[in-house]
J.: 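Would you mind keeping the following structure in view while I ask a few things?
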Amino acid sequence: MPSVEQLAAQLEPATTALLTVECQRGVVGEQSALPELAAEARLSGALHHIARLVAGAHGIGVQVIHAIAERRPDGRGSSHNARLFHAAGRLPVQQHCGTTAVRVAPPIEVAEEDLVVRRLHGLSPIAGTDVDALLRNLGCRTLLICGVSANVAVPNAVFDAVNLGYTAVVASDAIAGVPAEYTPAMIRHTLALVATIATSDEILSCWRQAIRS
């Protein structure tokens, strides 16, 4: 666990970006293709904390990037090399391009200055997308990660960020997975080995302090 000073240094607003992972209506919204995950995101408070972090980032000028997973109705370009992809293709709600399912879910607010990065393939919000180039062009050194799921996409984002040379910070109460007990286990035994772990309150406190200083 870093000190308050160390966390504040990592979360310097000018060099930090907030990445929300698959926080879209078809995943964490009321009409989710994955109702168990959506329910956990709501009941755990993760969705609420994601919205708080996004609002805090907007208030202090931290760049927000929303990573959206989607697919074309014809499936062209999508991945088919894992059981997860085949299962997703059979779900009653599809994350089709241009539909309500791939819009950012309430209560998360999308500001004009936010960037939305969409991917048609793979498991990672970063690998094979524009995220790395955008972060480098913005001068970011720290990537603050929140969203779903703690099972797949969030760990992918953390590992990719670290492998690309960024400092990864995970908002521990702003990620969710299933079953519920899996998320703290993933944080403790895996993500904490490669990323800084902090609560939403700790992160927002650092940003409030930055405003006052």
Side-chain angles (χ1 to χ4, degrees), residues 18-54 64-110 114 116-129 131 144-160 170-191 200:
L18 170 63
L19 181 72
T20 74
V21 178
E22 296 182 23
C23 295
Q24 56 207 69
R25 292 172 184 243
V27 176
V28 296
E30 293 183 359
Q31 303 300 318
S32 172
L34 303 164
E36 186 180 2
L37 177 59
E40 178 59 25
R42 291 192 303 271
L43 294 174
S44 68
L47 193 57
H48 168 70
H49 290 306
I50 294 164
R52 292 177 64 221
L53 288 171
V54 170
V64 178
I65 301 177
H66 303 283
I68 302 296
E70 59 182 38
R71 58 183 287 133
R72 288 166 50 111
D74 62 6
R76 188 177 295 272
S78 296
S79 301
H80 304 283
N81 57 337
R83 288 176 56 197
L84 179 63
F85 302 128
H86 293 286
R90 296 192 297 269
L91 293 173
V93 177
Q94 291 294 304
Q95 314 299 318
H96 285 163
C97 305
T99 66
T100 300
V102 296
R103 295 178 184 172
V104 175
I108 302 166
E109 297 285 346
V110 180
D114 291 1
V116 179
V117 176
R118 303 180 181 276
R119 78 177 195 275
L120 290 173
H121 62 86
L123 299 170
S124 174
I126 299 177
T129 74
V131 169
L144 171 59
I145 297 165
C146 61
V148 298
S149 71
N151 305 73
V152 179
V154 168
N156 263 262
V158 172
F159 295 145
D160 286 344
V170 175
S172 58
D173 54 358
I175 67 171
V178 290
E181 59 270 20
Y182 183 78
T183 299
M186 167 59 76
I187 291 171
R188 178 178 180 182
H189 298 294
T190 302
L191 300 184
S200 298

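All heavy atoms count here, side chains included; hydrogens, waters and symmetry mates do not. The shown structure was predicted, so the numbers you read here are calculated from the model rather than taken from an experiment.
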J.: Could you pull out the closest heavy-atom pair between Gly177 and Thr183, with the gap in Å?
T.: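 It is N-OG1, 3.0 Å.
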J.: Ignoring hydrogens and angles, write down the donor-acceptor pairs under 3.5 Å from the side chains of residues 95-104, residues two or more places apart or on other chains.
T.:
unit_1, atom_1, unit_2, atom_2, d
Gln95, OE1, Gln24, NE2, 3.0
Gln95, NE2, Gly26, O, 2.9
Thr99, OG1, His96, O, 2.7
Thr99, OG1, Ala101, N, 3.4

J.: Looking at Ile126 and Ala157, what are the two nearest heavy atoms and their distance?
T.: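 Result for this residue pair: CD1-O, 3.4 Å.
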J.: Ignoring hydrogens, what is the shortest heavy-atom contact between Leu120 and Arg76? Give both atom names and the distance.
T.: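 Leu120 and Arg76 have their closest heavy atoms at CD1-O, 4.5 Å.
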J.: Restricting to non-hydrogen atoms, name the atom on Pro125 and the atom on Asn156 that form the minimum distance, rounded to 0.1 Å.
T.: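 The pair with the smallest heavy-atom distance is CD-CB, 4.4 Å.
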J.: Quick one: do Cys146 and Leu18 satisfy side-chain contact (heavy atoms from CB on, under 4.5 Å)? Show the steps, please.
T.: CA-CA 8 Å; Cys146 61; Leu18 170 63; 3.8 Å; yes
J.: How long is the span from the OG1 atom in Thr190 to the CZ atom in Arg188, to the nearest 0.5 Å?
T.: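 Thr190 atom OG1 to Arg188 atom CZ measures 11.5 Å (nearest 0.5 Å).
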J.: Could you measure the distance from the OG atom of Ser78 to the CZ atom of Arg72? Nearest 0.5 Å is fine.
T.: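 If I round to the nearest 0.5 Å, the distance is 8.5 Å.
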J.: Would you say the side chain of Ile108 lies within less than 4.5 Å of the side chain of His66, judging by non-hydrogen atoms?
T.: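 Heavy-atom side-chain distance check passes, below 4.5 Å.
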J.: Measuring from Ile65:CD1 to Leu144:CG, what's the distance to the nearest 0.5 Å?
T.: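 One finds 11.5 Å between CD1 of Ile65 and CG of Leu144.
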J.: Which pairs of donor and acceptor atoms, one on a side chain in residues 44-54, lie under 3.5 Å apart (sequence neighbours left out)?
T.:
unit_1, atom_1, unit_2, atom_2, d
Ser44, OG, Glu40, O, 2.6
Ser44, OG, Ala46, N, 3.2
His49, ND1, Arg52, NH1, 3.1
Arg52, NH1, Asp201, OD1, 3.2
Arg52, NH2, Asp201, OD1, 2.7

J.: If I compare all heavy atoms of Asp114 with all of Glu109, which pair ends up nearest, and what's the gap?
T.: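 Closest heavy-atom pair between Asp114 and Glu109: OD2-O, 3.9 Å.
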J.: Is there a side-chain contact between Leu191 and Ile175 (heavy atoms, below 4.5 Å)?
T.: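 Contact flag for Leu191/Ile175 side chains = yes.
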J.: Of the non-hydrogen atoms in Val148 and Ala176, which two are nearest, and what is the gap between them?
T.: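 Scanning both residues completely, I find the closest heavy atoms to be CG1-O, 3.7 Å.
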J.: Taking side chain to side chain contact (heavy atoms under 4.5 Å, CB included) as the criterion, tell me which of Arg118, Gln94, Arg119 meets it with Glu70.
T.: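 In the set Arg118, Gln94, Arg119, the residue that makes a side chain to side chain contact (heavy atoms under 4.5 Å, CB included) with Glu70 is Arg118.
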